[in-house]
Amino acid sequence: MLKKMVLIALTLIVIVILSACRKQPTTDNNDPVIVDLGIGEVIGLEDGDFTLNEYFNPLRDVLIKNQSGENITHYLKVNGFVHYGKVGTYNLHYSMTYGEDTIDITRAIHIKEGTIVKETNTRNIFSPSTVTVGEGSYKTGGDASIDHPVNPLFIEPYLLDKAVPSNGWWTSLLVQNYGGGNGIYTNPFRSSFSSAGVEVTNNGVGFVQYWNPDGYNTMANFALALPDFHMKSSDLSTEYRTQVVDYSDTIVSVAMRNNQSLADQMVVTYTQGSPYIFVELANEKSPFIRLASNGVSSYEFYTVDGIRINGTSYVGDGIIIKLVQKHIGYQTSRPAQVGQPNYGDRYFLVSTPNGTSFTFSNDNHPFGLNNKISMELNEGNYYSVASLQSISEAVYYHTHAFNKPLKGDVSYVVDYQKSEVITTYQTAYQSLNNNDESSMLQFLMPHHYQQIVDNNLTDYSMRTIRGTMKLLEGNQFQTALSFHGVLPAMTKPNSSAFDETLMTEYLQDLASRTEINDTSNFLNDEGPYWNSKAMYPLSQGIIIADQIGNDALKSELIGRLRYILTDWFNVSNASDERYLFYNEAWGSVYYSNNDFNTASELSDHSFTHGYLIHASSVLAMYDPSFLSDYKDMVDLLLRGYMQPVKDDYDFAYLRSFDPWAGHTWAHGFATFAEGNNIESSSEAINSWVGGYLWALATEDKDLKEAAIYGFVHELNHAKTYMFDYSETIFPDEYSDYAQVAGILWGGKYDYATWFGANPTFIYGIQWLPNGEYLSSYALNEDEMSRLSKIYSTYLSAKNQQIDTWYANMWSIQAIINPSIALQQFNASLILNDDYPSDLSQTYYLLHGLNAYGQRNTEYIMEIHSVVASSIYQNQQGQIHAMIWNPSSSAQTVRFTTPSGDVISVSVAARSFTPVLLNN
């Protein structure tokens, strides 16, 4: 181990020049302070002996920390390569610049003959038991009476020292060999594993196909399931085993091994946004590429310089593959017509070490074409493949083709004064060909470059189903997203149109629909998601009852909400049907009920958990004993999807969230051909709202900042991709008919839902539950205009007639024009709809939006340790901040005006009150 100011006299040379790096954390009162940070500790860069044919990861067991103990390994660059399949000594150079500090280390890696031995780490050590936590309890260690997920069997044991991730873009690889052959989407690539090897496909922009189920017009933008080519090693059997050997925030590496063998014949590294897929091999003479024959007219091969290769062999450091007139889609039209096929050329760059021998041959091609490319890499054991728009791009991409990403890290800093989240995307990488003249490349997605801090993008781009991707030279960039606050509800409408008597009647109706002894209502449903159809209205009802001063109703509703929450947070006896289970194999929490496969596939955790967390946060405000009795149980459930600390043994970091894609994935394993998916972006947003409110109630700074980070990114993702606020994502063939994606997948998006093609469902699933957070869809005039167009398109699809989910649709109408929403409001329509318990919160929300107006972002509340706020401006120009203080003491809150003045406001303990900011 190397520490700062320590030189280890082995065979390596260490130069650590120590100075200072500036960082701005915050104090308890949120004032910025300046501290000096430098490189604090360097671990794992000694020379070492490693076993032949076992993949060598240059960053395995390497850890660099700053003086605050933070992991900064992702700032490293590594030069050189290790041929793990050939005995010898290989020198790797490790370097890092951290502020003014640097590391400069040369490390000797000795590959030696030997027997590969794997660790015996296991995560199944808990005995079956019921664990008591405060006044609550949960089960762990085993429970044959409920459903459980399969264990993560296809991952290296050394990676089991922290909770195993799920709900990702690659997590099918953890539960099935080949990942079940399901799609792995990195943008721009689609890939998968099969007996044929590693599929590599450029999906391009796909095409839009239309359907007409049950008389509803629906559609999807997707690509044909026609691979471009497969990569494999001739040392691999027809059937082999895949194993995850490394992963980080944006990267996964997968080994391919023959059955009953631990030798890593081939290792594939995927990186989100990378123009390349990297391959390393135990045998440099074994790789081959088999080009697809289905849907391709012919093949052409070129040198990197663009010169046509006409023979059957070539020696160089790379080639260009052209798939001539590949079948890429169809001409389609409504309602469900499929016409002539569309064709287009596909170009790929294969970059290899100098002196690589390429041989082109026929491998059972139906027309005798040379569809197999065999390679002898000779001077290395690695190569990369990239997708090109044209042959003219090859030289540029080839120059950068040997910079392999090693560790991707996505981190964030919350600026309390500006109420802004700065997200940093940093990647440690390895220059395989030891070239310091070129840098790493990465494609940024629209949600990256639309919010980028310093725009230093190149002129290279690529159009995909997710929109146009733009190329960045470098291994780091930052985005900035503002946080304009969020609340569990609105304060009492200060308008004469709001009828408190009628409001009371609606609350009484809510109480009648949530009777504890009524086993047929949502409150007593066996599934936690369906319980949310009672919990969310109850939490809203408690706030409303408090706001109108009806203590009796408030107390009654508190009792109902406490009943259902404590039922889930307790194991009462052996026959109990509602309780939580902690699964140590994954480091995950799920329910005794398996609705929506929350247990068996770890699916929908953020959605379902989020409802319980949201309800717990509201209950904690109005029933302090609940907070003291069940805080640890709520924390247990919350950390099942919102663990704010990385590399924790008990819980995976932000389990359901993809930090590169900027959104939640719904399915735990992503075992679908199109990759993972998300349907209800609004329920994902609501899960962050719940976490934020709980963080305020418990004064948990790390959790609060994680919730703010997740909220702003999830909201930005919904605007960018689910609703295409920039109007640059959906192709015309899609946007001519719809302004929403009902389900977003790794490789497509559907104008549909899992449960029907009714446009009300497709739009409405993005707008539930109907709470105050929905106003964040229109934070300024441009967003209001876009939301108006979206809602107008929905109404056009329904011939201007809402047919169901009135509560959700009227809530959006109220954001746009509350007068129209109030005119349309009809209690009987909600009472006879799917979710009649939404009546009281809908009436209240509509009148709140009518009274307080639209969101105002010119005034900013400095982020507070325990207080939340949202700011609105009504038609009279009055600007109100609604302030939620769940703490047991009065708090002072600071607001910054457009002119830069600071307004300090004091709010009472356990209060929810509006404050006028302009007189």
Side-chain angles (χ1 to χ4, degrees), residues 23-35 412-423 480-492 494 543 617 621 688-689 691-712 715 772-773 775-776 779-780 848 852-874 877-919:
K23 185 177 179 180
Q24 293 189 354
T26 55
T27 61
D28 290 339
N29 62 5
N30 302 329
D31 292 328
V33 297
I34 302 296
V35 297
Y412 56 87
V413 173
V414 177
D415 187 318
Y416 280 58
Q417 290 184 337
K418 293 182 179 180
S419 196
E420 185 178 61
V421 177
I422 302 297
T423 304
L481 288 169
S482 295
F483 175 61
H484 295 290
V486 69
L487 293 167
M490 302 186 81
T491 53
K492 186 175 76 171
N494 56 356
I543 296 172
S617 302
M621 165 80 151
W688 299 106
V689 177
Y692 174 60
L693 296 173
W694 184 254
L696 298 179
T698 57
E699 302 185 33
D700 188 322
K701 183 175 184 289
D702 288 343
L703 183 63
K704 176 188 63 183
E705 293 183 356
I708 292 171
Y709 159 74
F711 176 82
V712 297
L715 178 65
E772 188 272 343
Y773 76 95
S775 65
S776 297
L779 290 172
N780 54 50
Y852 291 106
Q854 301 176 5
R855 294 294 293 270
N856 177 289
T857 59
E858 295 181 346
Y859 284 71
I860 298 172
M861 187 194 90
E862 294 182 15
I863 295 173
H864 195 280
S865 58
V866 295
V867 171
S869 177
S870 289
I871 304 172
Y872 288 78
Q873 180 173 343
N874 64 20
Q878 293 177 318
I879 296 172
H880 288 91
M882 305 178 201
I883 304 175
W884 171 268
N885 176 17
S887 74
S888 58
S889 60
Q891 299 291 333
T892 298
V893 188
R894 295 192 297 188
F895 297 88
T896 303
T897 71
S899 62
D901 296 331
V902 175
I903 302 171
S904 294
V905 175
S906 180
V907 290
R910 301 196 184 283
S911 66
F912 187 28
T913 184
V915 174
L916 183 64
L917 296 181
N918 62 337
N919 296 319

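For the single chain, residues carry numbers from 1 onward in sequence order. All values reported here derive from a predicted model rather than from experimental measurement.
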Which residue in the set Asn494, Asn856, Ile871, Leu917 passes side-chain contact (heavy atoms from CB on, under 4.5 Å) when paired with His880?
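So the option named by the test is Asn494.
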So among Leu696, Val905, Asn885, which one has a side-chain contact (heavy atoms from CB on, under 4.5 Å) with Val867?
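Going through the options one by one, the only one that passes is Asn885.
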Side-chain donor-acceptor pairs of residues 485-492 under 3.5 Å, sequence neighbours excluded:
from   : atom 1 : to     : atom 2 : distance (Å)
Thr491 : OG1    : Tyr852 : OH     : 3.0
Lys492 : NZ     : Glu500 : OE2    : 3.0

Which value, rounded to the nearest 0.5 Å, describes the distance between [X] atom [atom1] and [Y] atom [atom2]?
X: Gln417; Y: Arg894; atom1: CD; atom2: CZ; answer: 6.5 Å
X: Thr857; Y: Leu779; atom1: OG1; atom2: CG; answer: 6.5 Å
X: Ile860; Y: Glu420; atom1: CD1; atom2: CD; answer: 8.5 Å

Atom of Ala707, atom of Gly691 and distance for their closest heavy-atom approach:
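For Ala707 and Gly691, the tightest heavy-atom pair comes out as CB-C, 3.9 Å.
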Heavy-atom side-chain proximity of [X] to [Y] below 4.5 angstrom:
X: Val421; Y: Ile708; result: yes
X: Ser776; Y: Arg855; result: yes
X: Val907; Y: Thr913; result: yes
X: Ser888; Y: Arg910; result: yes
X: Glu705; Y: Tyr416; result: yes
X: Tyr412; Y: Val712; result: no
X: Ile883; Y: Phe895; result: yes

Is the backbone N or O of [Y] less than 3.5 Å from a side-chain atom of [X], with the two atoms forming a donor-acceptor pair by type?
X: Ser482; Y: His484; answer: no
X: Ser869; Y: Met882; answer: yes
X: Lys704; Y: Val866; answer: no
X: Asn918; Y: Gly877; answer: yes

Does the separation of the ring centres of Phe483 and Tyr692 fall below 6.0 angstrom?
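When the ring centroids of Phe483 and Tyr692 are compared, they turn out to be within the sub-6.0 Å range.
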Run the side chain to side chain contact (heavy atoms under 4.5 Å, CB included) check on Ile903 and Thr897 step by step: do they pass?
CA-CA 7 Å; Ile903 302 171; Thr897 71; 3.6 Å; yes
